[in-house]
Number of protein chains: 2
Amino acid sequence: MNDNYICETNYIHKDVINEIKSKLTEPKQHLQLAEIFNILGDPTRIKIFQILSISEVCVCDLAALINLSQSAISHQLRFLRQANVVNYRKEGKIVYYALRDEKMKKVIDYGVKYLNEK
Amino acid sequence: MNDNYICETNYIHKDVINEIKSKLTEPKQHLQLAEIFNILGDPTRIKIFQILSISEVCVCDLAALINLSQSAISHQLRFLRQANVVNYRKEGKIVYYALRDEKMKKVIDYGVKYLNEK
DNA sequence: ATTACATATGAGCAATTATTCATGCGTTGT
DNA sequence: ACAACGCATGAATAATTGCTCATATGTAAT
């Protein structure tokens, strides 16, 4: 960013700025929050969440339900695994995925509530 | 997508598939949900939300608080305006931005709750 | 053993994204 | 009238993303 030009009379409202600064503790929280919401910020992943919140499902069934290639689903599942929001269990060739817990589902439910309040 | 090869014995579990399909009404909800969460899936925008949920703030102060160029902030504000989640009011040269309502803040609060439960 | 199947993964690609830079627009003060 | 300031915006760019394609891995069946 460019400190030279922008807002030379920087801090137009120093009092407001300072009040806000004092209230904004936890300097890294916005990064964690963005990370969480970013997980949910994709239609395919939301669909996966919606499906898994109904039932444990295998990769092939997920692909069929979402109408995407198995590869695409597998890539998204890897993403969700690395984000620690899904569990999986192997049964022979088949791998069943499930939500790790109800927390993420609750966040989505709040999104639904948001839509309905609109 | 490729219908030729993947999962020739498609629908490994037809009963599960059908049960899920019957429960997944509202075929476009996942798109709307992804859109909402996508708005929150960026650190800069989350910061803007955090600040605006404390107080109405002008563009220049936002830039100073977030430590980004005025231009970058303006672009993000345009995004948020088009997403109908912020209001703004002009006072001479200065433009003050505010949250349109509390709904989005509540969604973020749920994200915070998620983090704390971790 | 060989073949078929379910899933995982790396490479490649097109589309999207967040920022910077340059500039334009409207308002204020001189 | 003119300069300075706050903000908006278009173009350009680098980084990220979500998918496809090809292929690898492990399991099951013949």
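Please read all numbers here as calculations on a predicted model, not as lab measurements. Proteins come first, then strands; the chains are lettered A, B, ... in the order of their sequence lines, and each starts at number 1.
- The base of D/dA8 sits within donor-acceptor range of the side chain of B/Gln70, with an N or O pair under 3.5 Å.
- For A/Tyr97 and C/dA8, the shortest distance from a side-chain N or O to OP1 or OP2 is below 4.0 Å.
- For A/Leu40 and D/dG18, the CG to C1' distance is 16 Å, given to the nearest whole Å.
- Here C/dA18 presents its C1' atom at 11 Å from CD1 of B/Ile73, a figure rounded to the nearest Å.
- The side chain of A/Ala72 lies closest to D/dT20, out of D/dT20, C/dT19, C/dT7.
- Distance NE2 (B/His13) to C1' (C/dT7): 14 Å, rounded to an integer number of Å.
- A close approach under 4.0 Å does not occur between any side-chain nitrogen or oxygen of B/Gln76 and OP1 or OP2 of C/dT17.
- Below the 3.5 angstrom threshold, one finds no donor paired with an acceptor across the side chain of B/Ser74 and the base of D/dT9.
- Between the side chain of A/His75 and the base of D/dT17, no donor-acceptor pair of N or O atoms lies under 3.5 Å.
- Nearest heavy-atom pair, A/Ala63 versus A/Ile73, reported as atom, atom and distance to 0.1 Å: CA-CG1, 3.7 Å.
- Judged by atom type and distance alone, A/Ser71 reaches the base of D/dC21 through a side-chain donor-acceptor pair under 3.5 Å.
- Between A/Phe37 and B/Phe37, the ring-plane angle classifies as parallel under the 30° and 60° cut-offs.
- In this structure, the NZ atom of B/Lys47 is 13 Å from the P atom of C/dT19, given to the nearest Å.
- In this structure, A/Asn67 atom CG and D/dC19 atom P are separated by 12 Å, rounded to whole Å.
- Rounding to the nearest 0.5 Å places CG of A/Leu80 at 12.0 Å from CZ of A/Arg78.
- Side-chain proximity of B/Asn38 to C/dT17, C/dA8, D/dT20: nearest is C/dT17.
- As rounded to whole Å, 5 Å separates atom P of D/dG6 from atom NZ of B/Lys93.
- Across the interface with DNA chain D, nearest-nucleotide mapping of A/Glu91 and A/Asp42 shows A/Asp42 to be the residue nearer the 5′ end.
- Distance NZ/B/Lys106 to NZ/A/Lys113: 6.0 Å, rounded to 0.5 Å.
- Computed from coordinates, the A/Leu80 CG to C/dT7 P distance equals 16 Å when rounded to whole Å.
- Regarding contacts with the backbone of C/dC21, every side-chain N or O of B/Ser69 stays at 4.0 angstrom or more from both OP1 and OP2.
- With C/dA18, D/dT9, D/dT20 as the choices, the nucleotide that has an atom nearest any side-chain atom of B/Arg81 turns out to be D/dT9.
- When the P atom of D/dG18 is taken as reference, atom CG of B/Leu31 falls 14 Å away, rounded to whole Å.
- Side-chain N or O atoms of B/Arg45 include none that pairs as donor or acceptor with a backbone N or O of A/Ala34 at under 3.5 Å.
- In this structure, B/Tyr88 reaches neither bases nor backbone, as no heavy-atom distance under 4.0 Å exists between it and the strands shown.
- Each of A/Arg78 and B/Arg45 has a nearest nucleotide on DNA chain C; the 5'-most of these lies closest to A/Arg78.
- Here B/Phe79 lies out of heavy-atom contact (under 4.0 Å) with every strand.
- Residue-environment remark: CD (B/Glu35) stays at or below the threshold of 12 foreign heavy atoms within 6.0 Å.
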